[in-house]
Amino acid sequence: AGPRFEKELPVGKHPIQLHSMATPNGQKVTIMLEELLAAGHDAEYDAYPIKIMEEDQFGSGFVAINPNSKVPAMSVSQEGKEPLRIFESGSILLYLAERF
């Protein structure tokens, strides 16, 4: 359906950018990232809240990562390439498990 309005997402200093909220699916990804960090993996990330009551999920920046406008969504910097965009908690968890 496309974005409803223009709104860029913030970008932090780490390769992994997580855009989510404290829903069960959103928490799964955050827990996985924290467990990877605790296990000594280089899984540093920046997390940003998506306020669904304010319809952040329909902004152009978020829709560019997840065209379904659902949380969570994640982008991963890649050297010399466009960021990898991953959405849906199961897909994100699978990516993280395979990468780390």
### Task
Kindly give the heavy-atom pair with the smallest separation between N25 and S89, and that separation in Å.
OD1-OG, 3.4 Å
### Message
Please check if the number of heavy atoms outside Q78 that lie under 6.0 Å from its CD is greater than 12.
### Response
yes
### Message
For a 4.5 angstrom cut-off between non-hydrogen side-chain atoms, does M74 reach Y45?
### Response
no
### Query
Is any side-chain heavy atom of F62 closer than 4.5 Å to a side-chain heavy atom of E55?
no
### Task
Measure across D46 and H14 and return the closest heavy-atom pair with its distance rounded to 0.1 Å.
OD2-N, 2.8 Å
### Query
Got R99 and L36 here, is their nearest side-chain heavy-atom distance under 4.5 Å?
no
### Query
Passes side-chain hydrogen bond (donor to acceptor under 3.5 Å, both in side chains), E6 versus S60? Steps please.
CA-CA 5 Å; E6 292 294 319; S60 58; 3.2 Å; yes
### Message
Using side-chain heavy atoms (C-beta onward) and a distance below 4.5 Å, is D56 in contact with M21?
### Response
no
#### Entry: Smallest separation among heavy atoms of L37 and A43, with atom names
CD2-C, 3.6 Å
### Query
For the residue pair K70 and N66, what are the closest heavy atoms and their distance?
O-ND2, 2.7 Å
### Query
What are the two closest heavy atoms between K28 and L93, and how far apart are they?
O-CD2, 3.7 Å
### Query
Do you know the tightest heavy-atom contact between I65 and I86?
CG2-O, 4.2 Å
### Student check: side-chain heavy atoms of S20 and V29 closer than 4.5 Å
no
#### Entry: L9 side chain reached by H19 side chain, heavy atoms, under 4.5 Å
yes
